[in-house]
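Right, one structure below, let's go through it.
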Amino acid sequence: MDHFQHRSGRLHAEDVDVAAIAKQVGTPTFIYSAATLTAHYQRFREAFAPIDPLICFAVKSNANLSVLRLLGDLGSGMDVVSGGELHRALEAGIPAARCVYAGVGKTAPEIEAALRAGIGSINVESEQELETIATVARHLDRVAPVSIRINPNVDPHTHRHTTTGTRETKFGIDAERVPDVFASVRDDPAVAVTGLHVHLGSPIYETGPFVAGLTRMLELAERVEHDGGTIDRLDIGGGFAADYETGRAPDAATYAKAICPLLADRVRRGTKVILEPGRAIAANAGILLLEVVVRKTSGRKTFLVCDGGMNALLRPSHYDAFHFAWPTTVPPSLVPTIRTERPELDGLEVVDLVGPICETGDFLARDRSFPPCDRGDLIAIFATGAYGMTMASRYNAMPLPAEVMVDGSDFRVVRRRETVEDLLTHER
Ligand code: LLP
């Protein structure tokens, strides 16, 4: 579900005609829908209400301050993976106590900043990192709240680049070693290791891997408590899928139905559950608006060259990810009813949507059934509110896109478009 729909053949973001945004702000521009962000957050809240989790939005999926502030105002915490992301979360007014901090390569200065801010939990990914945390905490005369991120060796059946919970990835600590890690710090007053964390990968289109990872985590919690430790937090990570293609992703209720029963007993006994969804909240809450700069043919191929490509949206070229794309203005007969690679509509042609970057790997969609389009037309790339702007680059000296937040019939620029002068600001 989202609030990006064609009305009388013209794409609207909530009640705003996106052509009006293009006219005022230009392209490429990411457009976010406040109502969609809110609805997706609330849906997680409601679905998981039986276990009353703290929802920590994954900042890596969309780090715009206005997005973070909107979710923070709804009660969301934040999942951060760097000092930079924590800084953004704090700047957006999120209490540090509602932030959890994962990441395999946290530096001592980053750990120090997190402890000084009063971070809710540092999710530790190695024995050496735990030593660093203890050293920094001792130096600050603080007690570091720590959860151990376990590597449960569960395959989430997703892209290999975003698989994190299998044995030979760099994430977490092998589940078998976790009891020893707890034992090693039991008498260290600088660290309070009282939580477990798991994140298997993303997106995960089935509930099975969540159940498997969680089961492993619950076994470990029992084991640690049996050995005399305490577990008061279980962080089950993110990885919930988004609607890239209509109907493929399970909804929040489906995930909750599989997950909540496993946790109910512990929650009754006082354990706090944490979820870290990013994509499921933000992806469908954003589109990327582009203009066609050139239409050309090469051999049998037709290319629509847009004013943004892998620099604005890396996911197609990096993961071969599918993003539905459609012109913003179409005749009523070509209004799409579902988002899929081959919509069954008359009058489509097959095109490649590509960007301006000097690489053949710079594409947004290949061999896509698409309404006839030409130079000057506007195109929307859907489900780009997550891992769009956060992964955008300035490759080929392309300034970063603008970001706009729509709320009902209003919109505002929440990050201005970069200029070519901006690109020089850090150089001497
Ligand atoms: N928690 C942890 C520890 C994570 O590493 C991630 C994502 C999340 C939560 C949020 O996952 P989500 O709910 O958004 O699926 N750039 C890739 C995705 C990489 C995800 C990395 N970690 C993409 O564009 O698909």
Side-chain angles (χ1 to χ4, degrees), residues 30 37 40-41 43-44 48 53-63 67 71 76-82 85-86 89 99-106 120-125 147-152 156-166 169-173 195-206 209-210 213 217 234-244 249-252 255 259 273-286 288 310 312-323 364 381 383-393:
F30 283 98
L37 284 166
H40 288 175
Y41 176 81
R43 206 158 299 163
F44 264 87
F48 283 89
L54 172 64
I55 296 176
C56 289
F57 175 68
V59 174
K60 64 179 79 64
S61 67
N62 189 319
V67 170
L71 293 169
S76 186
M78 297 290 149
D79 153 44
V80 303
V81 290
S82 69
E85 286 191 353
L86 177 60
C99 295
V100 294
Y101 182 9
V104 290
K106 306 176 191 82
S121 176
I122 301 185
N123 296 343
V124 85
E125 308 230 15
S147 298
I148 305 283
R149 177 171 179 176
I150 66 165
N151 182 323
H157 304 137
T158 192
H159 196 282
R160 67 192 169 88
H161 287 356
T162 56
T163 294
T164 56
T166 53
T169 65
K170 65 182 174 180
F171 296 97
I173 298 178
L196 289 172
H197 174 222
V198 69
H199 171 79
L200 300 171
S202 90
I204 306 172
Y205 285 93
E206 311 149 25
F210 283 99
M217 182 156 82
L234 292 177
D235 181 338
I236 66 170
F240 309 98
D243 260 334
Y244 292 108
D251 59 9
Y255 290 116
I259 291 169
V273 174
I274 298 167
L275 309 182
E276 304 173 342
R279 188 192 309 275
I281 289 177
N284 291 95
L288 171 62
M310 66 190 288
L313 182 69
L314 186 60
R315 303 192 74 255
S317 69
H318 195 51
Y319 308 114
D320 245 323
F322 170 81
H323 283 270
L364 297 161
I381 316 287
T384 48
Y387 306 107
M389 185 64 166
T390 51
M391 295 177 76
S393 77

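All of these numbers come straight from a predicted model, not from anything done at the bench. Whatever order the structure lists them in is the order used to number ligands and atoms, beginning at 1.
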*Of all heavy-atom pairs between Y387 and L313, which one has the smallest distance, and what is that distance?*
O-CD1, 4.3 Å
*Using a threshold of 4.0 angstrom between heavy atoms of the protein and any atom of ligand 1, which residues qualify?*
A58, K60, D79, R149, T162, H197, H199, S202, G238, G239, F240, E276, P277, G278, R279, R315, Y319, Y387, M391
*Output all residues satisfying ring-ring contact (aromatic ring centres under 6.0 Å, His included) with F210, sequence neighbours left out; order by chain, then residue number.*
F240, Y255
*asked:* Run the ring-ring contact (aromatic ring centres under 6.0 Å, His included) test against H323 and tell me which residues pass, sequence neighbours left out.
replied: Y244
_For E125, give me all partners under salt bridge (charged side-chain N to carboxylate O under 4.0 Å, His left out), at least two apart in sequence or on another chain._
R149
*Is any side-chain heavy atom of I122 closer than 4.5 Å to a side-chain heavy atom of K106?*
yes
*Matching residue for E276 among I55, L54, V100, V59 - test: side chain to side chain contact (heavy atoms under 4.5 Å, CB included)*: V100
